[in-house]
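Read through the structure below, which is laid out as structure tokens, and then see the notes.
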2 protein chains.
Amino acid sequence: MSEEQLQQDFALALHDTARAWRHALDRRLKGLGLSQASWLSIAYLAKAPAPMTQTELAHCLSVEQPTVVAMLDRLQRAGLLRREIDAHDRRIRRVLLTPEGIEVYAEVRRVAMDFRHEKLKELDVEVLRQITGVLQQLQRTLEDPIP
Amino acid sequence: MSEEQLQQDFALALHDTARAWRHALDRRLKGLGLSQASWLSIAYLAKAPAPMTQTELAHCLSVEQPTVVAMLDRLQRAGLLRREIDAHDRRIRRVLLTPEGIEVYAEVRRVAMDFRHEKLKELDVEVLRQITGVLQQLQRTLEDPIP
DNA sequence: TGCAATTACTTAGATGGCTAAGTATAAGAG
DNA sequence: CTCTTATACTTAGCCATCTAAGTAATTGCA
């Protein structure tokens, strides 16, 4: 197989596997009414030591601000969080999970952890570590603004 | 690092790297007015030995039929393809690239190939081969309807 | 042969991503 | 102190994906 063909296969496998992962996890989370993106938002909010701003959340998730706005709108409608205007800077909204949001996070966290374990347990730990490292390095290369 | 943490890091790296790849390639293709998904559709259509049906294209791309419908609507509006009702089965629309579509494919193919080479050339071929294999295997596991 | 089931495509409406442009507020330069 | 600039969020509008439900045409069984 030519190097060119291999590079094409890799690009396709990266794309398809990421989608298959998201899709399979979304199906698993469907009963809880949350998709992977929503869950990730809630996870970062739950783990933060203090209420985050929307911009901080956008950085954590590596998405743009309007994406966060829409996501929070949905989660707020679902009663899982609320926004509070910062006391010292009226431009800033701090995002807080509601008790219901905290509860949902606990359940979803377990489901996601089980899912990862179930899908990855067959893989050798060293292989997984190596692949993770290569992907992280590739990600940095891709985000390099030079290209 | 615990195995659990490693699995979490892998899941995140898979998701983020796939998005970074798509994003970087989309930026590169923007001058040509095509996103990665559009380009992939055109590539399959260009390489097919005979005009494909929309269902066949959906299978190639591993997406659902409505996704293909929307994609083809856009590409048709852009003048890159047309649909023709099959002579023997009036339910079927065969998709044909226009001369302009064929031209665009030739350009985009070169850009995508250069992009892949540029981003992956630093990686050892054997490592790339191994990762591709693991991702493909994982994808099959994820698509397994059992879970 | 005729109607039920299947198949191919479309429409409707949701999620999740983007860019570009708008609004409100704070910070800083002069 | 004022006016420009920068920051935080929102809105508007697009692309890509999904599921569910609808339409048109064919297949196939009784």
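Chain A is the first sequence line, chain B the second, and so forth, proteins listed ahead of strands; every chain is numbered from 1.
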Starting at [atom1] of [X] and ending at [atom2] of [N], how long is that distance when rounded to a whole Å?
{"X": "B:Leu29", "N": "C:dT19", "atom1": "CG", "atom2": "C1'", "answer": "17 Å"}
{"X": "B:His88", "N": "C:dT7", "atom1": "NE2", "atom2": "C1'", "answer": "18 Å"}
{"X": "B:Ile92", "N": "C:dT10", "atom1": "CD1", "atom2": "C1'", "answer": "15 Å"}
{"X": "B:Arg74", "N": "D:dC14", "atom1": "CZ", "atom2": "P", "answer": "12 Å"}
{"X": "A:Leu34", "N": "D:dC18", "atom1": "CG", "atom2": "P", "answer": "20 Å"}
{"X": "B:Asp89", "N": "C:dT6", "atom1": "CG", "atom2": "C1'", "answer": "12 Å"}
{"X": "B:Asp86", "N": "C:dC9", "atom1": "CG", "atom2": "C1'", "answer": "13 Å"}
{"X": "A:Lys30", "N": "D:dA20", "atom1": "NZ", "atom2": "C1'", "answer": "9 Å"}

Using atom types as modelled, flag every donor-acceptor pair under 3.5 Å from a side chain in residues 4-15 of chain B to any protein atom, sequence neighbours excluded.
| residue | atom | partner | partner atom | Å |
| --- | --- | --- | --- | --- |
| B:Gln5 | NE2 | B:Asp9 | OD1 | 3.0 |

Starting at the 5' end of DNA chain C and moving along, which residue's nearest nucleotide shows up first, A:Asp26 or A:Arg90?
A:Asp26

Can you tell me how far [atom2] of [Y] sits from [atom1] of [X], rounded to the nearest 0.5 angstrom?
{"X": "A:Thr17", "Y": "A:His23", "atom1": "OG1", "atom2": "NE2", "answer": "14.5 Å"}
{"X": "A:Leu135", "Y": "A:Arg140", "atom1": "CG", "atom2": "CZ", "answer": "11.0 Å"}
{"X": "B:Arg83", "Y": "B:Leu96", "atom1": "CZ", "atom2": "CG", "answer": "11.5 Å"}

The correct set of residues in residues 14-23 of chain B placing a heavy atom under 4.0 Å from DNA chain D is none

Looking at DNA chain D, which of residues 36-52 of chain A put a heavy atom within less than 4.0 Å of it?
none

Is there any protein nitrogen or oxygen under 3.5 Å from a nitrogen or oxygen in nucleotides 1-7 of chain D, and what are the pairs?
| residue | atom | partner | partner atom | Å |
| --- | --- | --- | --- | --- |
| D:dT7 | O2 | A:Arg91 | NH1 | 3.0 |

Under 4.0 Å, counting only non-hydrogen atoms across every strand here, what does B:Arg83 touch: a base, just sugar-phosphate, or nothing?
sugar-phosphate

Any pair with a residue in residues 125-134 of chain B that passes side-chain hydrogen bond (donor to acceptor under 3.5 Å, both in side chains), sequence neighbours left out, goes on the list, sorted by first then second residue, please.
B:Glu126-B:Arg129

The complete set of side-chain hydrogen bond (donor to acceptor under 3.5 Å, both in side chains) pairs with one or both residues in residues 36-47 of chain B, sequence neighbours excluded, reads B:Ser35-B:Ser38

Any residue meeting side chain to side chain contact (heavy atoms under 4.5 Å, CB included) with [X], in chain and number order, not counting sequence neighbours:
{"X": "A:Thr53", "answer": "A:Thr55, A:Glu56, A:Ile92, A:Arg94"}
{"X": "A:Thr98", "answer": "A:Glu100"}
{"X": "B:Val95", "answer": "B:Leu45, B:Gln54, B:Leu72, B:Leu81"}
{"X": "B:Lys30", "answer": "none"}

Is the backbone of B:Asp114 close enough, under 3.5 Å, to the side chain of B:Arg28 for a donor and an acceptor to pair up by distance?
no

Does B:Val127 belong to the same Ile/Leu/Val/Met/Phe/Trp/Tyr cluster as A:Val125, with side-chain heavy atoms less than 4.5 Å apart forming each link?
yes

Report the residues that fulfil ring pair (Phe, Tyr, Trp, His ring centres under 6.0 Å) with B:Phe115, sequence neighbours left out, ordered by chain and then residue number.
B:Trp21

Look at atom CZ of B:Arg109 and say whether more than 12 heavy atoms of other residues, nucleotides or ligands are closer to it than 6.0 Å.
no

By a strict heavy-atom criterion of less than 4.0 Å, which residues belonging to residues 55-72 of chain B are in contact with DNA chain C?
B:Thr55, B:Gln65, B:Pro66, B:Val69

